[in-house]
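A short worksheet on the structure shown next.
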There are 2 protein chains.
Amino acid sequence: MTQKIRNMEEFAAISGISRPTLSKFFNDPESVRRSTRERIEKALEKYDYRPNVFAMNQNRSKTKNVGIVVPYLADPFFSEIGRAVELACLDAGYSPILHSSHGSPQLENDNLDSLRSLKPAGVLLAPFGRASDRKFIQEFAREVPLVLFDANIEGAGEAFIGTDNFQSIGLVVEYLCRSGEPPCFFEMKTPSNPNANKRRQAYLEAMARQGHPAHIFQAEGDGWDFEEIGSVEGGRMLADRVFPTNTVLCSNDRLAIGMLSAAYRQGIRVGRGPDCTLRVAGHDDHPFSRFTCPSLTTIAQDYSAIADHAASALFAILESERRPAAREETLFEGKLVMRESA
Amino acid sequence: MTQKIRNMEEFAAISGISRPTLSKFFNDPESVRRSTRERIEKALEKYDYRPNVFAMNQNRSKTKNVGIVVPYLADPFFSEIGRAVELACLDAGYSPILHSSHGSPQLENDNLDSLRSLKPAGVLLAPFGRASDRKFIQEFAREVPLVLFDANIEGAGEAFIGTDNFQSIGLVVEYLCRSGEPPCFFEMKTPSNPNANKRRQAYLEAMARQGHPAHIFQAEGDGWDFEEIGSVEGGRMLADRVFPTNTVLCSNDRLAIGMLSAAYRQGIRVGRGPDCTLRVAGHDDHPFSRFTCPSLTTIAQDYSAIADHAASALFAILESERRPAAREETLFEGKLVMRESA
DNA sequence: CACTAAAATTGACGCGCGTAAAAAAAGAAT
DNA sequence: ATTCTTTTTTTACGCGCGTCAATTTTAGTG
């Protein structure tokens with residue numbers, strides 16, 4: 001109906017607003033007078049002009065881009081929390097750019113590198129943790145406001161938001177002890193995730209509090225095929241009857257899912273019923289934990305609270321225009337989700 | 001050690017290469033003489049300069065960006081295939097930009113819109129299918145080279161790459177008939193995915209070929225909680241004994257996973273064994289299908305073949321600089337993955 | 001060695017927008 | 001109406017790079 005608008009100059013001419021004012025408007029609509037804003041918005045409906053992203057960001061030191069980096073998108077936990085963070089960014093008027101490191105710490109660095117060249121206003125990073133390149137990340141954080149979530153790296157970034165593993169593990173250990181035999185702990189020998197170390201520690205403390213001996217069993221294996229490791233290694237342990245009690249607390253749900261499949265194969269009935277000889281519990285409330293056989297008793301991390309808080313922590317820094325004095329760590333409590341497996 | 005290089009001008013001065021030549025190099029390293037290329041690369045190692053992304057793309061009509069849009073990243077199928085496509089793009093020297101539509105067809109349009117403003121060289125789209133805004137996508141494809149994968153939309157995009165549902169369903173139906181009672185077909189009533197319609201059709205044809213009556217059962221329910229729907233609706237059907245045979249072929253693995261959990265709850269033994277009263281098969285070889293109880297017999301889609309072929313189909317178009325005359329449809333065969341459930 | 005085609009250099013302009021400074025206009029307050 | 005303050009307009013420059021035309025250099029050939 002109307003001719004195509006090629007640039008801001010033309011839009012200024014046709015809308016009767018000067019170009020610098022339009023520039024201010026597109027940078028922050030609140031920065032112009034209300035009457036002007038309404039005039040622009042009306043013209044915008046009529047002519048459908050959108051400023052050129054590349055020209056916009058070229059001369060601006062800070063863009064409206066927010067980088068999001070997760071270690072492994074094929075893990076439903078990260079795709080869920082990635083989704084939540086992405087939506088939080090959109091709601092706040094930022095452009096989220098999601099990257100997965102596909103299980104490779106090297107790619108984590110590469111992702112941060114390629115983000116850097118997009119001059120992001122800030123970055124939300126769920127790092128590998130121990131496997132991460134700590135120095136690289138700290139270097140990165142010097143240039144770009146950085147908020148960590150899920151996995152902590154001490155001293156890196158302006159803030160960390162995650163789950164309180166001591167509270168959550170304490171909760172499930174207490175429940176397991178109260179409702180049956182005290183739990184053994186099943187985990188990977190060389191976990192890449194720092195939460196795993198916290199959870200082991202939390203298990204030890206909780207068992208001491210409950211007055212029971214602790215039993216830790218570690219599976220060999222690397223990589224991100226947790227179900228496979230849980231199934232093969234956990235299955236071997238079940239077959240060899242290495243667990244001194246009938247209850248196993250797995251460091252995360254994906255290991256537990258593997259162990260449940262091994263138990264099923266071996267004809268071991270899992271659950272609280274009288275004919276059951278094994279109880280299994282997990283941690284994370286993985287999206288599939290509701291559909292395991294039996295359904296998995298676990299700890300639900302507050303996905304959306306973590307995502308929202310991480311995002312708003314970053315936005316607070318961005319809007320205050322300066323880095324906070326102290327590094328902030330926010331831990332959310334996990335909730336016990338009682339299902340059939342324990 | 002050396003001073004920071006601010007722009008291509010400075011890098012030209014310090015490396016002894018003229019700026020236009022550098023510009024050519026960064027656009028396509030093969031476009032300069034080998035001796036020159038080596039000189040540049042040596043200087044690059046020494047001085048660590050990277051051209052400004054925004055300034056680079058501003059004056060170029062075609063960037064090196066490739067958009068990737070999937071309907072729902074929290075579905076492991078899409079995160080897996082998204083990952084494969086992403087890596088294929090990186091290998092080919094493009095910058096992948098991954099977007100998830102989070103289950104919302106509106107967001108699919110929004111994603112394409114925001115991609116458009118990034119002037120992508122091309123876009124790889126796994127559309128919703130029936131729920132997609134067909135006209136919008138066709139409009140989009142007029143501006144940007146577009147390759148569809150996983151789900152087809154007739155007449156949209158330059159090419160489609162997916163799985164041959166007729167072959168794959170034929171294969172599993174044939175197997176099920178040969179090894180036991182002929183299968184019933186379980187699916188959603190209003191599937192958003194066009195593959196579902198193809199699979200139903202394929203089931204009908206395959207059953208006719210095998211000389212058995214077809215039985216289709218459709219679950220109510222919307223959205224992407226397939227496991228939930230499979231569990232609740234499928235469970236109800238199991239309890240009501242509506243299936244005339246002891247074998248159920250599910251339209252996809254996620255429905256099958258839900259049905260398996262329902263069967264477990266009801267104490268129905270699933271599998272081929274003599275004490276089993278139900279067989280369940282799926283389609284897709286979902287990453288979790290190996291760990292269901294019992295493990296799920298299914299059809300494996302060739303994830304990486306689909307991803308690689310989709311990517312290289314797009315690159316072929318990009319390098320030939322022109323749209324292909326005919327729309328190409330490439331279907332890969334599924335493979336039967338025999339596990340314990342059927 | 002001259003000759004030619006290919007590649008690199010020089011010099012220059014423009015892309016679309018950010019942004020600064022000065023002038024003008026619009027509101028708000030007296 | 002006058003003054004003061006806030007906002008907008010005018011004017012102009014620059015960002016970093018793409019790209020073009022004219023020129024020079026290089027590499028390859030007989």
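The chains referred to below are lettered A, B, ... by the order of the sequence lines, with proteins before strands, and numbering in each begins at 1. Just so you know, these numbers come straight off a predicted model, no measurement behind them.
Inter-residue side-chain proximity for B/Tyr49 and B/Met8 is flagged as met; some heavy-atom pair is nearer than 4.5 Å. Under the 4.5 Å side-chain criterion, counting only non-hydrogen atoms from C-beta, B/Leu124 is in contact with B/Cys89.
The aromatic ring centroids of B/Phe77 and B/Tyr72 lie 6.0 Å or more from each other.
Within residues 19-32 of chain A, the residues approaching DNA chain D are A/Arg19, A/Pro20, A/Thr21, A/Val32, by heavy-atom distance under 4.0 Å. Remark: A/Gln58 in residues 48-58 of chain A come within less than 4.0 Å of DNA chain D through at least one heavy atom.
Between B/Arg60 and D/dG18 there is a side-chain N or O to OP1 or OP2 distance below 4.0 Å.
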Decide yes or no on side chain to side chain contact (heavy atoms under 4.5 Å, CB included) for B/Lys62 and B/Leu318, but give the supporting numbers first.
CA-CA 10 Å; B/Lys62 43 178 176 178; B/Leu318 300 186; over 6 Å; no
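Taking atom NZ on B/Lys62 and atom C1' on D/dT19, their separation rounds to 13 Å, with Å as the unit.
Residues that satisfy the side chain to side chain contact (heavy atoms under 4.5 Å, CB included) test with B/Thr330, not counting sequence neighbours, are B/Ile161, B/His309, B/Glu328, B/Phe332.
Among residue pairs with one or both ends in residues 124-137 of chain B, none qualify as salt bridge (Lys or Arg N to Asp or Glu O under 4.0 Å); sequence neighbours excluded. Residue pairs meeting the salt bridge (Lys or Arg N to Asp or Glu O under 4.0 Å) criterion with at least one partner in residues 83-100 of chain B, sequence neighbours excluded, are B/Glu80-B/Arg83.
At distances below 3.5 Å, not a single donor-acceptor pair connects side-chain atoms of A/Asp150 with backbone N or O atoms of A/Pro127.
Within the nucleic acid shown, B/Thr36 comes within 4.0 Å of sugar-phosphate atoms alone, with no base atom in reach, counting heavy atoms only.
Using a 4.0 Å cut-off between a side-chain N of Lys or Arg and a carboxylate O of Asp or Glu, B/Glu38 and B/Lys42 do not qualify as a salt bridge.
Where DNA chain C meets chain A (any atom under 4.0 Å from a heavy atom), the bounding nucleotides read 5' to 3' are C/dG16 to C/dA26.
For the side-chain contact (heavy atoms from CB on, under 4.5 Å) with A/Ser35, the qualifying choice from A/Arg33, A/Arg37, A/Arg39 is A/Arg33, the only one to do so.
Both A/Ser35 and B/Glu9 sit near DNA chain D, but only A/Ser35 has its closest nucleotide nearer the 5' end.
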